[in-house]
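Sequence lines set the chain letters: A, B, ... in the order given, protein chains first and strands last, and positions in each chain run from 1. Computation of the quantities below employed the complete heavy-atom set of this structure, encompassing side-chain atoms and omitting hydrogens, waters and symmetry-equivalent molecules.
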Amino acid sequence: MKRTPFKAFLFGGDWNPEQWSKEIWLNDMQILSNAGINEATINVFSWAQLQPSENEYDFSTLDDIIQLLMRYHFNIVLATSTAAVPAWMAKRYPDVERTDFEGRQHRFGERHNACPNSPIFRKYSARLAGKLAERYGHLEQVVCWHISNEYGGSCYCDHCAKAFRTWLKHKYQSLEVLNEAWSTYFWGHTFYEWDEIFPPNILGDGIDENHTTLSGMSVDYRRFISDSMLRNFVDEKEAIRQFDLTTPITTNLMGTYKNLDYFKWAKEMDLVSWDNYPSCNTPPSFTAMSHDLMRGLKRGQPFMLMEQAPSQQNWQPYNSVKLPGQMRELSYQAIAHGADTIQYFQLRQSRGGTEKFHSAIISHADTDQTRILKETKRLGEELAACGTQLMNGRTEAKVGIIFDWDNYWAFEYLSGPNVRLKYVDQIHRYYAAFYRRNVAMDLIPADLSAEEMAQYDIVIAPVLMMIKSGVADHLKQFVNNGGTFVTTFLSGISDEHDNVIIGGYPGPFRQLCGIWAEEVDAFPPEKTIKVQFGNRSAIGSMIASISHLEGAAALATYQDDVFYQGMPAVSVNHFGHGQAYYVGTVLDNDGLDLLADQLIMDHHLTNYSTPENVEISVRSYDDYKLYYILNTGKAVHKLDTSALAGKKNLLSGASVGAETTLQPYDVLIIRA
Amino acid sequence: MKRTPFKAFLFGGDWNPEQWSKEIWLNDMQILSNAGINEATINVFSWAQLQPSENEYDFSTLDDIIQLLMRYHFNIVLATSTAAVPAWMAKRYPDVERTDFEGRQHRFGERHNACPNSPIFRKYSARLAGKLAERYGHLEQVVCWHISNEYGGSCYCDHCAKAFRTWLKHKYQSLEVLNEAWSTYFWGHTFYEWDEIFPPNILGDGIDENHTTLSGMSVDYRRFISDSMLRNFVDEKEAIRQFDLTTPITTNLMGTYKNLDYFKWAKEMDLVSWDNYPSCNTPPSFTAMSHDLMRGLKRGQPFMLMEQAPSQQNWQPYNSVKLPGQMRELSYQAIAHGADTIQYFQLRQSRGGTEKFHSAIISHADTDQTRILKETKRLGEELAACGTQLMNGRTEAKVGIIFDWDNYWAFEYLSGPNVRLKYVDQIHRYYAAFYRRNVAMDLIPADLSAEEMAQYDIVIAPVLMMIKSGVADHLKQFVNNGGTFVTTFLSGISDEHDNVIIGGYPGPFRQLCGIWAEEVDAFPPEKTIKVQFGNRSAIGSMIASISHLEGAAALATYQDDVFYQGMPAVSVNHFGHGQAYYVGTVLDNDGLDLLADQLIMDHHLTNYSTPENVEISVRSYDDYKLYYILNTGKAVHKLDTSALAGKKNLLSGASVGAETTLQPYDVLIIRA
Amino acid sequence: MKRTPFKAFLFGGDWNPEQWSKEIWLNDMQILSNAGINEATINVFSWAQLQPSENEYDFSTLDDIIQLLMRYHFNIVLATSTAAVPAWMAKRYPDVERTDFEGRQHRFGERHNACPNSPIFRKYSARLAGKLAERYGHLEQVVCWHISNEYGGSCYCDHCAKAFRTWLKHKYQSLEVLNEAWSTYFWGHTFYEWDEIFPPNILGDGIDENHTTLSGMSVDYRRFISDSMLRNFVDEKEAIRQFDLTTPITTNLMGTYKNLDYFKWAKEMDLVSWDNYPSCNTPPSFTAMSHDLMRGLKRGQPFMLMEQAPSQQNWQPYNSVKLPGQMRELSYQAIAHGADTIQYFQLRQSRGGTEKFHSAIISHADTDQTRILKETKRLGEELAACGTQLMNGRTEAKVGIIFDWDNYWAFEYLSGPNVRLKYVDQIHRYYAAFYRRNVAMDLIPADLSAEEMAQYDIVIAPVLMMIKSGVADHLKQFVNNGGTFVTTFLSGISDEHDNVIIGGYPGPFRQLCGIWAEEVDAFPPEKTIKVQFGNRSAIGSMIASISHLEGAAALATYQDDVFYQGMPAVSVNHFGHGQAYYVGTVLDNDGLDLLADQLIMDHHLTNYSTPENVEISVRSYDDYKLYYILNTGKAVHKLDTSALAGKKNLLSGASVGAETTLQPYDVLIIRA
């Protein structure tokens, strides 16, 4: 595992002083320094100010900002400012703006507004990044480059159409291969010339953003757009590296965000950073899973928590404040799952623009007497006291859960059998079952080798519909070698082009799982099915695979008046030295807990029983372990901590007793 | 009644071998032959393969497919493949693609993508149909032509605008007449030049697909588009008839599909065929009504069931499988209502494209060991055993229900009084009441002469809002001659241009029904009104006409605290030798049953009392009758069959007892 | 207060005889005259008929209509007919049509279809108004000009873009000032050339019609469009004044319609007129508030009720009829709140077009034997009997509620904290609390001077988020002088450009209200909070401001398990000689009633306790008062009228007893 590049624990966030007068700057520096803030992420949206016209650059304000930060000994994360093109560029080169799914060429507005395949955008974004690196790359306090911001969206313009064709030629070499890959015979779509192919928006084969005629084409288009934006990232990275060979380079990702294949992106990033924005009803397990996914992108390497809201957001339907202690608790949850920085959006709250009601460290009240600032200061003091102890930990997981963007895309393009199936939800259900028992997990890509998988006792692959080349073989080998594999309905359905693998579901897993899923029934929301596990029962919904055992044993069966009464709902198959589980329905939490408990018991997985909303995560450091015990809710809990009695609580300095009371949003970090 | 053109009962469906390698072809032939399949519908989406470029045709694959089918003695329904234009055509002639309601010119994608008024499309679709007829029309095994596929959608491009103006000139001769017909004085829309008229999409007078400024114009545009696509059908039909004078020609319709006036289409079709896709919550009465509508298009002539799903579909929100026996039961229900073929979409399940999760006879498992194949085989054996006994039946209905596309369109464009009113739902409510008593019904067009109507005891016309020329007179004459007419609120409102007929609702039916509907009150969803029929009561909703008796007698009155307490909700008027009923509200099933029971009793209509979800339909053949007794649900029922005791059950060969147990989805066909 | 310009009480409505044959005209005149109708609003949608081509005008039909109306001694409100451009103009000058929020240039259709900045539209609309004034302005029976009709909508075309830039240059003088005003540094939007600015539709900074990137720009665009249409109004007004110096000029407004700043419009209008269309579930308090807003536009001057539906409408989802007496009751409610005319849309019901199911005085039945006509006739007789007694009243209100379109716009663009917050709803909640106690209120603009405000005891400003220049000072002065000010959460947030005022909410009201609202928590719909007023409690929802008293006293506190238990929910502060209330949450009716009761008691405001759905309004005339006692519902009420005993009921002529029974929708007008 690669270690974090930072010498100190960064505690800071986005700061946009160019939007304010210089008196404010000094005021901010004092308030922030007093609160223990030691980092500022700057220059995120300043392109129009840095380059007022095509051949003119003006770094004077940025010079002043950096001077000031250096004076106050802030670490600087320097953004390249390319997430929104200047208005003059949109006016002069209208095709720099995106064309949307509806086929509308935009004129100028919002952000993320540049076509990723615009030659003008590519030229000027890289040029700006280079100029910034040339000017500031040598500064010691510039500890990280932050390229663009929250890459995302899509474009369907003629530049993209042309680049897509080039991408396709490179991938398929010939139209014959492409026609076969995309099943273009369907509805008579055979292509005879490359330029007959258009991006699949509403004017083409897109039905809406989630439905398409040819999923092969639409999945490829998503791959292409992800690659195009990644190319934008690399453009800037290469420009920076012309002048700065060492400062780490990142961009802020967005957890389970759909449009970009972050596993592919992570390969080009020196370190991962991401923005964590739970809403008022996001379950703590979902936040934990998102952290684990971000940590998984670079196989365990610590990540930056580049943004979180100090309190409420503005863009949710209902923007509740974070309750007292909740921001701190969420910060430590991030650290418990792999963050080695805690950063906020933003340090000073906006005066104008659509985000002006998003909370900030310094609010519109412009004082340090706010609850937010007091809580920030407390956290800053704690982090300073902990020093580097919290950094460079490892999560030692024996359970890996596959998360795969190709599957995310293909699964959600699937027309049928049930519109309520969502990829991330299906992954999260399995994650949450183990999370409830505080079992450490890794989120892993689909393309691990059997060797890499060998570190896990269990690999779980919910709805692994699309089986890319090698994936099935690696999983078979993993099980053959003694591993346990868990998969579900709608796994093993299609190849990497989303063409169905003929021969009975779950295709390449049929032998592995010892089961043939003959039919995949779908239920409307009002219908469920009883699933009997020995003398305990659970409920299945949405989907019921109608399966025949081919060597596997039934762990649970359907109990219903329908014709598949008694047929296997959950089964397990011995394969080589291992086992393969197949789950034929969407189990409720009772069912998933039964399954998880059995797997935990069988594999003697480290686990902890805790009340609802109490999380225990363990991180291993060079020569010690830290137990992060978090109350993620507002109830008070008493916890049996006898096993850790006598150990030191890093935050309070006190030693742990046999029983510990957890106040709302309380956090214990116990060193052992 | 014209007889079916087929010598044997066709049992088959869509087959797309050009999407597969030739090894698969042979495999399919063997599986399908073994299952009793004797028909294949081919060449449905092959245009791009048949015509790879503008001046190049290649029939070699199709030759091979037809050779193989002939070898296996399959009947062939030969499609013309024109439901999706090739990509090269869209690229070369961009205006061959449609412009949608939002005004967007599409580029290439999906299907039904050709502008019906594109000269290029018209030229090449007809040319292809001609070439196919020239090459294959003489083959005895080609038993039917299937032009295009599921015609539908609309277009609003400049070709259509121009053609619309020509269509209007032909219809109205002068702009003065058109201005009057469309009430263009409203909101100052007077036209002085023909080319001031644009198609009523969002850029014109369309508000959304269901709302418009000038319903006269929008109804005309629907007529025009229906005519344009019918002209496409006729283009190809005429091209075929250049080379093949005898093989019957059809296209597959879609039941109550809104966009095309199927009564007008049926006149150009040699026989009707249609695609039956009930969802998991479609009531059996709705499916029965759809069959009766399709049978009614050619006044009782048997139709082809061109497509049904062997099990689940893919494009519903929740695609449940068909339960054991359900596919068979639905097949016999089709036959009981007039089908003389049973065909599926499709014989082999797709590997790619948006329909890949739509069930097929040969599933992705690629084996004959599936439930679907076993059920198919059983049905095939039964159909083979029955032979032609099931063909050329007649439904002897004494009840006719008017279904009229002009009304469908105009009714759903009506702005006010209640947005929840839907045309087909209002028709189905009346159909279902008689269906619950197993009374035979015909769905009939609005333009029958009194002579043609004379075959019915009762003619029902729910919400017959638009009264086209002659319709009111024919109905009056029908009643005068002794017929019974039933109509409802919002009948008799407007003329064929959807201009209101001045003089008090229900306009031309005011004298006939002996009632004046002064006001048409509308209720929000939470409000209903009690309707008292003697000492029994029912509930009205959505609409309450406030009417004054002008000779009619009240059958039921409103009971409410509103001012129309005691006013007539349902009334009957003696007119000549007949009677006319007027129903002023949307009756619930209790109310409709009371009304239907009285009509059944008064007219001594043949009817059968059965439990819910048991249907009895009777078909008359040359010298025998068949009683189709269907369990359309999954409950078991015991049925008193003493009246048919001793008769033969065609499917089991057994003779009928005094009591019969109906298993889930059970079917009895009793010959008497 | 300016008096009504009419000598008699106008009782009439829209009449469109040009849509009918001349026989109908005479028929209408007779029916309407018999019903007491004395006014017709004509020529509303006749542009295409008056100007059949660019250089041709034809007034012959209008001449005939006016001749006829003069013969029957009708007062004429003469519309200019410019609310829909002729088809020939759209064909000849396509850019006269609007471009919508989606960026689509329309072709021809609907109404309100002209771009307000189209030079062609401006030229020809003014020319037509001038020609009408030249021809008919001198006629005594033309008592009012009615320009266009229900101005509204928006446009985003290139004409508008260009005009917007001009408007901006005039307002801001330099781009530096504009960039600062719009906070364009946000997301790097800095503008360096004027023509980099585009209208904020979907192709620009508009996210959807209610969301935007830069609220400063979008609020300015709304101001600009309101001004543009007002300029259209003035174009025509000036053209009329070339030929007619005296006849009053109006256009019909639409109550709380969002898009136009009616306070600004009213300054250009000789008198206000408006269209009142409550739906079947509009509370009577909302209708009352709308009247008070319309009366407030010209500070109490009587207004015209230009349109109301005689019974049902057609464009609501559920168009219920008005119950017997309801139309009369609604008419008197209008008069009780300031109407000096009662007019309907429309006198004869349309035969075609989207409004054909909108009720009219003469319905499709074309007879005077309808309920509508009988009720109209009764009302006509009453109005004739009352004569001018009902005219030129004053509402003597001691409570003013601020309604401000800039706030309406800015508040609904606010991203966060709670999507369910709607401006008009928040105003209405306060209005309704006082309405329940029959307290007279004025709706007032935000820019009254302290002097003008001095006529009120209480000024209420719910969610006065945007504080334009001078507003805070005037309010402070008002309170300092002894006035009582009531405001709420999310008041005092931003300046006139919607940039946040730094320094702690409620910004300029912080000192006035003696409170600092540190945080603004938002609740999802399922969450509420208990608010304790002494020993009585109420419920808060949607928002809970977390505030600190800075001199104010808490009137009510939060009771909840959250951390702000016991913090002030409602507070009052003494400031100078007055008091300022701050309400931190969305109070339910119980809470608002507690607050209103206290304010009523403290200020000895005239009020009446009545059952639900009984309204008492008082109007003062030159030397008498009229008490309008309205039963706005269908229950029967007994009312203690001893205080008015012996006074005359103007409508029945009877004298009032100690107790009065109010029948459903009953109306008493008591002269005192």
Which bit of [X] is near chain A, if near means a heavy-atom gap under 4.5 Å: side chain, backbone, both or neither?
X	value
B:Trp88	both
B:Thr367	side chain
B:Val85	backbone
B:Ser53	neither
B:Gln349	side chain

>> Please determine whether a side-chain nitrogen of the Lys or Arg among A:Glu519 and B:Arg371 lies less than 4.0 Å from a carboxylate oxygen of the Asp or Glu.
In response: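 Between B:Arg371 and A:Glu519 there is a salt bridge, with a charged N closer than 4.0 Å to a carboxylate O.
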> Under 4.0 Å between a Lys/Arg side-chain N and an Asp/Glu carboxylate O for B:Arg104 and A:Asp100?
Replying inline: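 Salt bridge: no.
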> Do you know which of B:Gln316, B:His106, B:Glu110 has the most heavy-atom pairs under 4.5 Å to chain A?
Replying inline: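 Among B:Gln316, B:His106, B:Glu110, the one with the most close pairs to chain A is B:Glu110.
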>> At a heavy-atom distance under 4.5 Å, which candidate from B:Arg111, B:Glu355, B:Glu102 has the highest pair count against chain A?
In response: B:Arg111
> Just by distance, with hydrogens left out, do B:Lys356 and A:Ser183 show a side-chain donor and acceptor under 3.5 Å apart?
Replying inline: no
>> Set out, in order, the CA-CA distance, both residues' side-chain angles and the distance that settles side chain to side chain contact (heavy atoms under 4.5 Å, CB included) for B:Thr354 and A:Trp187, then state yes or no.
In response: CA-CA 10 Å; B:Thr354 190; A:Trp187 289 353; 3.6 Å; yes
>> Before you tell me yes or no, could you show the steps for A:Phe563 and B:Lys634 under side chain to side chain contact (heavy atoms under 4.5 Å, CB included), namely the whole-Å CA-CA distance, both residues' side-chain angles and the distance that decides it to 0.1 Å?
In response: CA-CA 10 Å; A:Phe563 69 102; B:Lys634 58 184 187 174; over 6 Å; no
> Around atom CD of B:Gln105, are there more than 12 heavy atoms of other residues, nucleotides or ligands at under 6.0 Å?
Replying inline: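 Yes - once you tally the heavy atoms of other residues, nucleotides and ligands closer than 6.0 Å, there are more than 12.
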> What residue in A:Ile502, A:Asn418, A:Asp498 has the most heavy-atom pairs under 4.5 Å with chain B?
Replying inline: A:Ile502
> Taking the six-membered ring for Trp, are A:His189 and B:Phe45 ring centroids under 6.0 Å apart?
Replying inline: no
